[in-house]
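All remarks here apply to the structure that follows.
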Amino acid sequence: MSTLWQGRFGRDPAEELMAYTASIGFDVRLAPDDIAGSRAHVRMLGGVGLLADAEVGEVLAALDQAEQELASGAFAFAPGDEDIHTAIERRVTELAGAAGAKLHTGRSRNDQVATDLRLFAKRELSAIAADVIALQQVLLQQAVAAGDAYLPGYTHLQRAQPVLLAHHLLAHGWALARDVGRMADARARLDVSPLGAGAVAGSSLPLDPDRAAAELGFAARFENSMDAVSDRDFVAEALFALTMVAIHLSRLGEEIVFWTSEEAGFATLDDAFATGSSMLPQKKNPDIAELARAKAGRLIGNLTGLLATLKGLPLAYNRDLQEDKEPLFDAVEQIRLGVRALAGLLGTIDWHADAMAAAADTPSSAATDLAEHLVAGGMPFRDAHAAVGDLVRRSLEGESTLAALVRADPRLGEAAAELLAPAVAVTRRTTPGGGGPEPVSAQIERFRARLAADAARF
Ligand code: ARG
């Protein structure tokens, strides 16, 4: 078996060693980034005179071929290919001979893998942000289509005050807007090239890390070679941004489960975005929403697992750092699938405005409006709260309906009783950012503008 390090060793590596330590099974995903990194490196080597132009050409041609073989599935992996970096360098050397054997000049897999993973994270964060923006567009469309439909706004999952459905949907939309902002921040901070740091300390050869960084489209090169090869903050930060998306999707998922329950009956899922039961013929289940709830746990595990891996590691590179990749790959994959599934589910959901209104129009959901009516007449809020609370309690004890008690109360009377009529309370949320029709139509415009600005960034 041939390895990159065999010169120093008298025997082949044990099968158990390779089985335990090889990362090719998952880092093959970095192949496009590894090829890009090698192209930049070999051009840099040519630029500083370490490779002749002809050699650069030969290596680039071999990289092109390796890229095609990897894409078509024709790439033949060898037993000693412990990771994607080894596999590609081996193939380039087979194809380009002596020029290929110069590819790794001044480079270590330590700076190479850090470069690959930054390229990967940068691209995937951008792609996921674009997917999240598409989900936000669906929320916006649904908010616009919801018109004046309203439902109870809950606190403690008890009906609190009615709000427009549009308001409720956009609450999730704004949370996702912060996620997009976090992904943009993470992307900007990780936009640094580690290439040229070598194994730990740079090189005696006249490398030009600025040139390699520019070739790869990074905003800057590393400042410190030890930091460059040991920093995985960027993975932790990307994972946190993705985990926060997962948590937001889980909260949305929980609401979808509730809305579509027979108990609430606020919405029905499209057949294409619901699942059935193998035993119970009548069932229509919100499995996407439930998995959105559950996958957040998985992403939290990915994030905390990586943080635990990093904790206490001495500088600089340690093989522990190989464990950075699977959590990130898994998080990217799960978020991509989840965001798309929820976008499809929400784009086709059928709302039941009557059921939502019926739940929102229970008389006591206008209790705050009654108190505010008294406040408008000059009563201190604490007294108004107590007065209305007393009426609510008496109505619950069966003395009379709340409306009749309000009508009979000299401080309230007929005008106040009208506040209890269906569909009235929601119209009284008039303050900026509030849940009634006036502020919500302004909010929709602000959300639309925010989405357009974010879409232009991703
Ligand atoms: N597969 C390794 C990783 O992902 C590549 C770097 C290996 N470096 C080393 N010195 N053994 O971290």
Side-chain angles (χ1 to χ4, degrees), residues 129 132-133 135-185 244-245 247-249 251-252 255 259 266 346 351 353 356-357 359-385 388 412 415-416 418-457:
V132 170
I133 290 169
L135 171 59
Q136 291 177 286
Q137 302 278 10
V138 173
L139 287 166
L140 174 62
Q141 282 155 18
Q142 289 288 334
V144 171
D148 54 11
Y150 60 98
L151 76 169
Y154 295 84
T155 65
H156 315 270
L157 204 53
Q158 310 281 327
R159 292 170 194 168
Q161 290 181 297
V163 294
L164 288 189
L165 174 58
H167 191 58
H168 200 134
L169 292 172
L170 289 188
H172 290 289
W174 289 109
L176 294 173
R178 290 191 297 279
D179 291 329
V180 170
R182 262 185 285 273
M183 287 187 267
D185 292 349
M244 209 59 235
V245 176
I247 287 172
H248 287 144
L249 298 185
R251 298 182 75 174
L252 181 55
E255 299 213 301
W259 291 332
F266 294 172
L346 284 169
W351 300 105
M356 288 189 276
D361 283 333
T362 52
S364 54
S365 67
T368 313
D369 297 285
L370 293 173
E372 288 174 359
H373 178 84
L374 293 171
V375 165
M379 188 182 291
F381 176 74
R382 190 49 58 213
D383 300 338
H385 184 285
V388 175
L412 288 159
E418 278 165 22
L419 297 175
L420 302 178
V424 172
V426 70
T427 64
R428 296 179 55 83
R429 311 281 155 253
T430 50
T431 46
E438 268 176 65
V440 167
S441 67
Q443 184 192 158
I444 284 174
E445 290 321 310
R446 293 166 86 104
F447 188 71
R448 202 193 298 282
R450 171 65 179 269
L451 273 190
D454 281 346
R457 286 203 287 174

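Values reported hereafter were calculated over all heavy atoms of this structure, with side chains retained and with hydrogens, waters and symmetry mates removed. If you're wondering where the values come from, they're calculated on a predicted model, not measured in any experiment.
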Please find the pair of heavy atoms, one from [X] and one from [Y], that lie closest to each other, and give the distance.
X: V245; Y: V132; result: CG1-CG2, 4.3 Å
X: P152; Y: M356; result: CD-O, 3.8 Å
X: L164; Y: V426; result: N-CG2, 3.7 Å
X: R178; Y: R450; result: N-NH2, 4.3 Å
X: D369; Y: L419; result: O-CD1, 3.7 Å
X: V375; Y: A384; result: CG2-CB, 4.1 Å

Can you measure from [atom1] ([X]) to [atom2] ([Y]) and round to the nearest 0.5 angstrom?
X: L252; Y: L139; atom1: CG; atom2: CG; value: 6.5 Å
X: Q137; Y: L346; atom1: CD; atom2: CG; value: 13.5 Å
X: H248; Y: W174; atom1: NE2; atom2: CH2; value: 14.0 Å
X: R428; Y: Q161; atom1: CZ; atom2: CD; value: 11.0 Å
X: T368; Y: E372; atom1: OG1; atom2: CD; value: 6.5 Å
X: L135; Y: L249; atom1: CG; atom2: CG; value: 6.5 Å

Quiz prompt | Under 3.5 Å: donor-acceptor pair, side chain of Q136, backbone of G173 | solution = yes
Exercise. Look at the side chain of Q142 and the backbone N and O of A166, then say whether any donor-acceptor pair between them is shorter than 3.5 Å.
Key: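 Not confirmed, Q142 side chain does not pair with A166 backbone.
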Donor-acceptor list for residues 359-367 side chains, cut-off 3.5 Å, not counting sequence neighbours:
unit_1 : atom_1 : unit_2 : atom_2 : d
D361   : OD1    : Y150   : OH     : 3.2
D361   : OD1    : A423   : N      : 3.1
D361   : OD2    : Y150   : OH     : 2.6
S365   : OG     : A360   : O      : 2.6
S365   : OG     : T362   : O      : 2.8

Quiz prompt | N-O pairing of D185 and R182 below 4.0 Å | solution =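 Salt bridge absent between D185 and R182.
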Self-check item: R448: partners by side-chain hydrogen bond (donor to acceptor under 3.5 Å, both in side chains), with sequence neighbours left out
Solution: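 Per chain and number, R448 pairs via side-chain hydrogen bond (donor to acceptor under 3.5 Å, both in side chains) with E445.
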Beyond-backbone contact of [X] with [Y], side-chain heavy atoms, under 4.5 angstrom:
X: H172; Y: E255; answer: yes
X: I444; Y: V440; answer: yes
X: Q443; Y: L170; answer: yes

Quiz item: Would L370 and L374 count as a side-chain contact (heavy atoms from CB on, under 4.5 Å) if you check the C-alpha gap in whole Å, the side-chain angles of each, and the deciding distance to 0.1 Å?
Solution: CA-CA 6 Å; L370 293 173; L374 293 171; 6.0 Å; no
Quiz item: Quick check: are there more than 12 heavy atoms from other residues, nucleotides or ligands sitting under 6.0 Å from CZ of R446?
Solution: no
Quiz item: Could you walk me through whether W259 and H168 pass the ring-ring contact (aromatic ring centres under 6.0 Å, His included) check?
Solution: CA-CA 12 Å; W259 291 332; H168 200 134; 5.2 Å; yes
Quiz item: Once the angle between the rings of F381 and H385 is folded into 0 to 90°, is it parallel (under 30°), tilted (30 to 60°) or perpendicular (over 60°)?
Solution: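 F381 vs H385 ring planes: perpendicular.
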Practice problem: For F266 and W351, run ring-ring contact (aromatic ring centres under 6.0 Å, His included): C-alpha distance rounded to whole Å, both residues' side-chain angles, the deciding distance at 0.1 Å, then the answer. | Solution: CA-CA 6 Å; F266 294 172; W351 300 105; 8.8 Å; no
